[in-house]
Novice: 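Would you mind keeping the following structure in view while I ask a few things?
Both ligands and their constituent atoms are indexed starting at 1 by order of listing.
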Amino acid sequence: MYPIQLKRLPGNEDVALPRQMSEWAAGFDLHAAVTEPIVLAPGQRALIPTGFAMAMPRELEAQIRPRSGLAFKHGITCLNTPGTIDADYRGEVKVLLVNLGQDPFTIERGERVAQMVFQRVPQVILEEVQELSDTARGEGGFGHTGK
Ligand SMILES: O=c1ccn([C@H]2C[C@H](O)[C@@H](COP(=O)(O)OP(=O)(O)OP(=O)(O)O)O2)c(=O)[nH]1
Ligand SMILES: [Mg+2]
């Protein structure tokens, strides 16, 4: 269990903090902290505030992912999915939504607009070399094994 600290930002006492909607849910749903409803026209994007900031151990990241129900029913998704929350970020968590549907979609205050999944990030060291190890795949990619 990793401890994650959440800080509610002023004026958002009425907006729920991230929460799991079932006991084993991978994602914590994020609630919109918009001050008034936002109408997203087809093709339009908007940065949605969530009303909180957080601190997590450095070996973690948080991914902001779409909710499949909003995507399926309304074409609402995260433009930068999965969004990346760095462990050292202390600003408000925001959700970049885009409307890929055919109808305007209204985002109400308190509505669940996305979900946040925590992941461990391996610590790595990048080193520049002149030669890479040989493999059977070599440089083959982008479908070279067939359809
Ligand atoms: O969906 C997102 C994506 C990012 N962020 C915040 C947290 C993250 O740590 C920071 C930077 O995100 P990212 O690295 O994806 O954006 P960038 O364009 O590279 O900005 P920066 O130069 O600030 O790293 O913005 C969000 O609140 N929501
Ligand atoms: Mg960045």
Novice: May I ask you to list the atoms of ligand 1 that are less than 4.0 angstrom from any heavy atom of Val93?
Specialist: 27 (O)
Novice: Mark up the atoms of ligand 1 that fall under 4.0 Å of a heavy atom belonging to Gly83, in ascending order.
Specialist: 1 (O)
Novice: Atom CG of residue position Asp134 - does it have more than 12 heavy atoms of other residues, nucleotides or ligands inside 6.0 Å?
Specialist: no
Novice: Under a 3.5 Å distance rule, please check whether Asp86 uses its side chain to pair with a backbone N or O of Asp88 as donor and acceptor.
Specialist: no
Novice: Tell me the nearest of Asp88, Ile48, Ile85, Asp86 to atom 9 (O) of ligand 1, using heavy-atom distances.
Specialist: Asp86
Novice: Quick test: of every protein heavy atom, which one is nearest to atom 27 (O) of ligand 1, and how far off is it to 0.1 Å?
Specialist: Lys94 N, 3.0 Å
Novice: How close does the nearest protein non-hydrogen atom get to atom 25 (O) of ligand 1, and which residue and atom is it?
Specialist: Tyr89 CE1, 4.1 Å
Novice: To check your reading of the model: name the closest protein heavy atom to atom 1 (O) of ligand 1, its residue, and the distance in Å.
Specialist: Asn80 ND2, 3.1 Å
Novice: Can you list the ligand 1 atoms lying under 4.0 Å from a non-hydrogen atom of Thr84?
Specialist: 3 (C), 4 (C), 5 (N), 7 (C), 8 (C), 9 (O), 12 (O)
Novice: Can you label the angle between the His74 ring and the Phe105 ring as parallel, tilted or perpendicular, going by 30° and 60°?
Specialist: tilted
Novice: Using a 4.5 Å cut-off on heavy atoms from C-beta on, say whether the side chain of Thr77 contacts that of Val98.
Specialist: yes
Novice: Apply the test side-chain contact (heavy atoms from CB on, under 4.5 Å) to residues Phe118 and Met56: give CA-CA distance (whole Å), side-chain angles for both, the deciding distance (0.1 Å), then the verdict.
Specialist: CA-CA 9 Å; Phe118 293 92; Met56 62 186 124; 4.1 Å; yes
Novice: Taking atom CD as the centre, does Gln5 end up with more than 12 heavy-atom neighbours from other residues, nucleotides or ligands that are less than 6.0 angstrom away?
Specialist: no
